[in-house]
Amino acid sequence: TVKNHTYRMARRARKEGLFVIDDPDSIIKCSNKIFLEELLDRLNIKRPKSMIVTKENLKKSLPDSYPCVLKRPDSAFSLGVFKAKDEKEYFEKAMILLEDSDLILVQEFLSTDFDWRVGVLDGEVLFVCRYYMAKGHWQIINNNTKKESMQYGEADCIDVKMAPKKVIQTAIKATKHIGNGLYGVDLKQVGETIYVIEVNDNPNIDAGVEDRIDGEYLYYKIAKYLLNGCHKKRNIHV
């Protein structure tokens, strides 16, 4: 059960007949990495080699290679995610995560300089960004340092037309079976191969980053989506 206050507010809003951009169904789906793994598998979407691990099958479930990445199903903002460099560290990290979760997701580690982030709204691309790894770290957020300058990697926004078509097509395909709200799809590119890492509901949109290309027009598109949703709820035709 999702206990986050955002989910409770979204459920309450839907119960009251309000239109919400971050709907409760999307929150449930996107906040569960086990669900996403099984969904991407059914859709035959490329993602890192993955396996679902429990306490019962832990000793029999060994990664094909190291390092590997271990994730709690509800991990977010790089929290609840570990990298294990060898078998000893794999078991140590797995036991830590399995103390609070019945299931964990184990994936192969793909080393890249940046992650693609594709913002999708109502089935169409809203923005495309590159999020670079934090300095000296393997994730875009380094929660292990107190130096603010080293906590976050750089980011840049590019014109949608300049982004690789396969990145765009893969992101849209991944969100199509979740809903028609606002999503941020994280992907890695290794050579010509595109891997979906995860789909986030209600992704962050920061001034000067995600809106660098479209500026105020990006917010206009979001506002228009909300307005149209409200009109449909009330059967108003404009």
Side-chain angles (χ1 to χ4, degrees), residues 29-118 129-145 150-155 163-164 166-167 169-171 173-174 177 184-200:
K29 293 173 181 177
C30 292
S31 63
N32 188 331
K33 287 178 172 52
I34 302 298
F35 169 86
L36 287 175
E37 162 60 21
E38 294 177 340
L39 173 65
L40 296 175
D41 184 46
R42 290 198 302 273
L43 296 175
N44 198 30
I45 292 178
K46 192 80 174 177
R47 71 264 185 226
K49 292 180 182 177
S50 306
M51 60 182 179
I52 299 170
V53 176
T54 66
K55 287 182 180 179
E56 288 71 27
N57 70 5
L58 175 60
K59 292 184 178 179
K60 297 180 181 178
S61 302
L62 293 177
D64 292 335
S65 61
Y66 295 95
C68 66
V69 179
L70 300 86
K71 299 179 178 180
R72 200 174 60 210
D74 61 346
S75 58
F77 300 105
S78 297
L79 294 170
V81 180
F82 295 125
K83 184 171 74 168
K85 66 178 182 292
D86 53 33
E87 186 174 307
K88 179 176 181 292
E89 198 167 63
Y90 166 70
F91 283 117
E92 289 175 353
K93 302 299 186 184
M95 289 307 298
I96 291 173
L97 291 174
L98 287 169
E99 287 180 4
D100 300 318
S101 178
D102 294 332
L103 306 170
I104 61 173
L105 186 65
V106 178
Q107 295 181 319
E108 68 173 320
F109 174 65
L110 300 176
S111 179
T112 57
D113 293 332
F114 65 86
D115 286 354
W116 288 107
R117 164 65 67 86
V118 179
C129 284
R130 289 179 292 218
Y131 295 164
Y132 293 85
M133 303 302 140
K135 188 175 181 180
H137 193 58
W138 60 281
Q139 296 167 290
I140 61 175
I141 302 176
N142 185 355
N143 292 298
N144 299 318
T145 181
M150 298 180 68
Q151 285 180 345
Y152 299 91
E154 298 293 327
K166 196 170 182 180
V167 169
Q169 293 168 349
T170 304
K173 183 178 180 181
H177 295 266
V185 186
D186 293 337
L187 312 98
K188 285 184 178 292
Q189 181 174 3
V190 181
E192 297 299 315
T193 306
I194 307 300
Y195 301 84
V196 171
I197 303 302
E198 61 186 17
V199 181
N200 305 277

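- Residues Leu98 and Ile104 are in side-chain contact: their nearest non-hydrogen atoms beyond the backbone lie under 4.5 Å apart.
- Geometric assessment of Lys83 against the ring of Phe109 yields a positive cation-pi assignment under the 6.0 Å and 45° thresholds.
- The distance from atom CD1 of Ile140 to atom CZ of Arg130, rounded to the nearest 0.5 Å, is 14.5 Å.
- Here the side chains of Thr112 and Gln189 are not in contact, with every heavy-atom distance at 4.5 Å or above.
- Residues satisfying the side-chain hydrogen bond (donor to acceptor under 3.5 Å, both in side chains) test with Ser75, not counting sequence neighbours, are Lys33.
- No side-chain heavy atom of Leu70 sits under 4.5 Å from any side-chain heavy atom of Val81.
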Test log, rule side chain to side chain contact (heavy atoms under 4.5 Å, CB included), inputs Ile45 and Thr170: CA-CA 7 Å; Ile45 292 178; Thr170 304; 3.9 Å; yes
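- Residues passing the side-chain hydrogen bond (donor to acceptor under 3.5 Å, both in side chains) test with Asp74 are Arg72, sequence neighbours excluded.
- Listed by first and then second residue, the salt bridge (charged side-chain N to carboxylate O under 4.0 Å, His left out) pairs that reach into residues 185-197 are Asp115-Lys188, Arg117-Asp186, sequence neighbours excluded.
- The closest side-chain heavy-atom distance from Ser50 to Val106 is not below 4.5 Å.
- The CG atom of Asn44 lies 12.5 Å from the CZ atom of Arg42; values are rounded to the nearest 0.5 Å.
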Intermediate values then yes/no, side chain to side chain contact (heavy atoms under 4.5 Å, CB included), Glu198 and Leu40: CA-CA 9 Å; Glu198 61 186 17; Leu40 296 175; over 6 Å; no
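- The CE atom of Met133 sits 8.0 Å away from atom OG of Ser111, with the distance rounded to the nearest 0.5 Å.
- In terms of modelled atom types and a separation under 3.5 Å, the side chain of Gln151 and the main chain of Asn143 share no donor-acceptor contact.
- At least one donor-acceptor pair closer than 3.5 Å links the side chain of Asn32 to the backbone N or O of Phe35.
- Of the candidates Asp86, Leu62, Ile96, Phe91 forms a side chain to side chain contact (heavy atoms under 4.5 Å, CB included) with just one, namely Leu62.
- Lys46 pairs by the salt bridge (Lys or Arg N to Asp or Glu O under 4.0 Å) definition with nothing, not counting sequence neighbours.
- The CG atom of Asn200 sits 8.5 Å away from the CG atom of Leu36 when rounded to the nearest 0.5 Å.
- Among all heavy-atom pairs drawn from His137 and Gln139, the shortest one is NE2-OE1, 2.9 Å.
- Every pair tested for salt bridge (charged side-chain N to carboxylate O under 4.0 Å, His left out) that includes a residue from residues 93-108 fails, sequence neighbours excluded, so the list is empty.
- Pairs passing the salt bridge (charged side-chain N to carboxylate O under 4.0 Å, His left out) check and including a residue from residues 47-57, sequence neighbours excluded, read Glu37-Arg47, Asp41-Arg47.
- Within the 4.5 Å cutoff, no side-chain heavy atoms of Tyr90 are placed close to those of Pro67.
- Shown here are the side-chain hydrogen bond (donor to acceptor under 3.5 Å, both in side chains) partners of Lys166, two or more places apart in sequence or in another chain: there are none.
- Under the 4.5 Å side-chain criterion, counting only non-hydrogen atoms from C-beta, Ile34 is in contact with Leu105.
- Residues satisfying the salt bridge (Lys or Arg N to Asp or Glu O under 4.0 Å) test with Glu92, not counting sequence neighbours, are Lys88.
- Checked against salt bridge (Lys or Arg N to Asp or Glu O under 4.0 Å), Glu154 has no partners two or more places apart in sequence or in another chain.
- Between Ala94 and Leu58, the closest heavy-atom pair is CB-CD1, 3.7 Å.
- By the side-chain hydrogen bond (donor to acceptor under 3.5 Å, both in side chains) test, Glu87 pairs with no residue at all, sequence neighbours left out.
- In terms of the ring pair (Phe, Tyr, Trp, His ring centres under 6.0 Å) criterion, Tyr195 has no residue partners (sequence neighbours excluded).
- The ring pair (Phe, Tyr, Trp, His ring centres under 6.0 Å) test applied to Tyr132 returns Phe114, not counting sequence neighbours.
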